[in-house]
Amino acid sequence: MTRREVLLAAPWAVAAAASSSVRFGWIGVGNRGTSLLNLGLRIPAIDVAAVCDLDPARAAAAVDRVQTARNRKPASISGGADEFKRMLDSKDVDAVLIATPMHEHARMAVAALDAGKHVVSEVPAALTVEECWQLVRAAKRSRAKYIFAENVCYYQSNMAVLNMVKQGLFGELTYAECGYVHDTRNLQFTPDGKLTWRGEKLNQPGNRYPTHAIGPISQWLGIHRGDRFVSISSQSSRAGGLAEYTRRKFGADSPQMKVTAAGDSNVSLIRTAQGRLIELRYDVLSPRPHPSTTYHNLQGTLGSYRDEERRQEIWLDKRSAKVAWEPFEPFISEFDHPLWKQNKGGGGEAMHRGADQLMLADFASSLLEGRDSPVNVYDAAAWSAIIDLSARSVVAGGAPQEFPDFSAA
Ligand SMILES: NC(=O)c1ccc[n+]([C@@H]2O[C@H](COP(=O)([O-])OP(=O)(O)OC[C@H]3O[C@@H](n4cnc5c(N)ncnc54)[C@H](O)[C@@H]3O)[C@@H](O)[C@H]2O)c1
C-alpha cells in the first residue's frame with residue numbers, strides 16, 4: 001500500500017502506519033506564515049512538502065528556509081489567487097496550513113477539505129455567517145480534518161486555568177471578560193501609504209478579530225461541550241486613533257487623512273444557553289502600550305481569575321488565605337496542562353509565550369494519532385461568526401443577534 005493509499009483508507013489517521021510526519025503545504029508565507037514555518041521546521045512530525053504565495057519572492061524565500069533547515073526542496077507555487085489549488089491536487093501533500101489574509105481563509109479551507117486535505121487555518125476561520133456554514137458543511141462532508149489555529153488557547157496559563165475549571169476549583173462559572181486590544185495602526189498602510197488588506201476593512205463595524213479573546217474563554221465555559229453562544233449585542237465608540245496616527249505619519253494634508261474607520265473600541269455582550277455572560281472588547285486603533293494584546297478574566301461561584309498585561313492573578317474561596325489576589329504562578333506548577341509538562345522548554349519564548357510551537361506540534365500529532373481535532377470546526381465557526389453578528393448588531397443600534405447552532409448542521 002502506498003502512503004497515499006493508507007491516507008485514503010484511514011482518513012482519520014494521516015498515514016500513521018506509513019510515516020511519522022505529516023506532509024504539509026504552506027499557503028501564504030508572509031509575516032505569520034513565515035513565523036509558523038520557522039517553528040514548524042523545528043518539529044520532526046511536520047514535513048514541508050510545498051509552499052505557496054502570490055508573491056514569487058516570498059515563495060522562493062520559504063523554499064530556501066525549508067532547504068536550509070531540512071536539506072529538501074519543497075514544491076514552490078506562486079502566481080494567481082487560485083494557484084494554491086495545484087497544491088490540493090498534489091499526492092505529496094496531506095495537509096495545508098493556511099496563513100493568507102483572513103478573507104481567503106474560508107474559501108481555501110473549503111477547497112482543501114473537498115480535496116481530502118486536512119486543514120490548519122489561521123484565525124479567523126471565516127468572515128461571515130454564510131462562510132461559517134460553508135466551512136462546517138465542508139468539514140462534515142470531508143474525510144479530512146479541520147483544525148483551527150487559535151494559538152492563545154495554547155498559552156500555558158490558559159491551559160492551566162482550563163485544567164482547574166475541569167476540576168471544579170472555580171465552582172459554577174457565571175461571567176467572563178476578554179479582549180483583543182492591540183495598537184495595529186502601523187499595519188493599516190504600506191510604507192508608501194497604500195491601504196493593506198487590514199486597512200481595507202477599517203470601515204467594517206463590529207469586532208473584526210474576536211478569536212484570540214473568545215477562544216480560551218469558550219474553552220473554559222465549555223462552549224460546544226455543554227453550553228453554547230445564544231446571542232450577541234454590540235456597540236462601538238467613535239473613531240479617532242487612526243486620524244491622529246495618519247496626521248503624524250503622512251501629514252495633515254495627505255490623501256491618507258481621507259481614510260476613515262468605523263470606530264476605535266467595540267464592546268460586545270454574549271449570552272450563553274446556560275445564562276453565562278461574556279464581555280468582549282476589540283480595539284486595534286487606540287494608542288497604548290501592550291505587554292499583552294489580549295486579556296482574559298473569569299468569574300465563578302468559588303473563585304476568580306484575571307490575566308491582564310501579562311500579569312495573572314487568582315483568588316479562590318476555599319484556598320486563598322486572605323481576601324486578596326494571589327500570583328497565579330504557583331498554580332501553574334500545580335495545575336500545568338500535560339502538554340506543557342511534556343514540552344517544558346520546547347516552545348520557550350518563541351512566539352506568543354511559547355504557545356505557537358506547542359500548538360503546531362499538537363496539531364501534527366493529533367493528525368498522526370487520529371485524535372479528534374484539538375480546536376474543531378464548530379469552535380472555529382462560532383468564534384468567527386462574531387465578526388458578522390457583531391457588525392449586524394452595531395448597525396442595528398446594539399440589538400441582539402442570534403447565533404446559529406453550527407453543531408446542528
Ligand atoms: N494567530 C496569530 O497570532 C496571528 C498573528 C498574525 C497574523 N495572523 C493571521 O495570519 C494571517 C496572515 O497575516 P500576515 O500578517 O502574515 O499577513 P501578510 O500580508 O504578511 O501575509 C499574507 C501572505 O499571503 C499571501 N497571499 C495572499 N493571497 C494569497 C493567495 N490567494 N494565494 C497564496 N498566497 C496569498 C500574500 O502574498 C502574503 O505573503 C491573517 O489572517 C492574520 O489574521 C494570526
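This structure is a prediction, so every number in the text was calculated from the model and none was measured. Ligands are counted one by one from 1 in listed order, and the atoms in each one are counted from 1 as well.
Between Arg288 and Asp183 there is no salt bridge, since no side-chain nitrogen of the basic residue lies less than 4.0 Å from a carboxylate oxygen of the acidic one.
Here atom 12 (C) of ligand 1 lies nearest to Ala99 when heavy atoms of Ala125, Gly28, Ala99 are compared. The heavy atom nearest to atom 35 (C) of ligand 1, out of those in Val29, Val152, Thr100, Leu187, is found in Thr100. Closest heavy-atom approach to atom 32 (N) of ligand 1 within the set Met108, Met102, His212: this belongs to Met108. Of the candidates Trp197, Trp26, Tyr209, it is Trp197 that places a heavy atom closest to atom 18 (P) of ligand 1.
Counting only residues at least two apart or in different chains, ring-ring contact (aromatic ring centres under 6.0 Å, His included) contacts with residues 83-113 are absent.
Heavy-atom proximity to Pro101, at under 4.0 Å, picks out these atoms of ligand 1: 22 (C), 24 (O), 26 (N), 27 (C), 28 (N), 41 (O). Close approach of ligand 1 to Asn151 is summarised as follows: ligand atoms under 4.0 Å from at least one heavy atom of the residue are 1 (N), 2 (C), 3 (O).
When all heavy atoms of Arg32 and Asn151 are compared, the closest pair comes out as NH2-ND2, 3.2 Å.
At least one heavy atom of Arg198 sits closer than 4.0 Å to an atom of ligand 1.
Applying the 6.0 Å contact sphere to CD of Glu402 captures no more than 12 heavy atoms from other residues, nucleotides or ligands. Atom CG of Asp253 sits in a sparse spot, with 12 or fewer heavy atoms from other residues, nucleotides or ligands closer than 6.0 Å.
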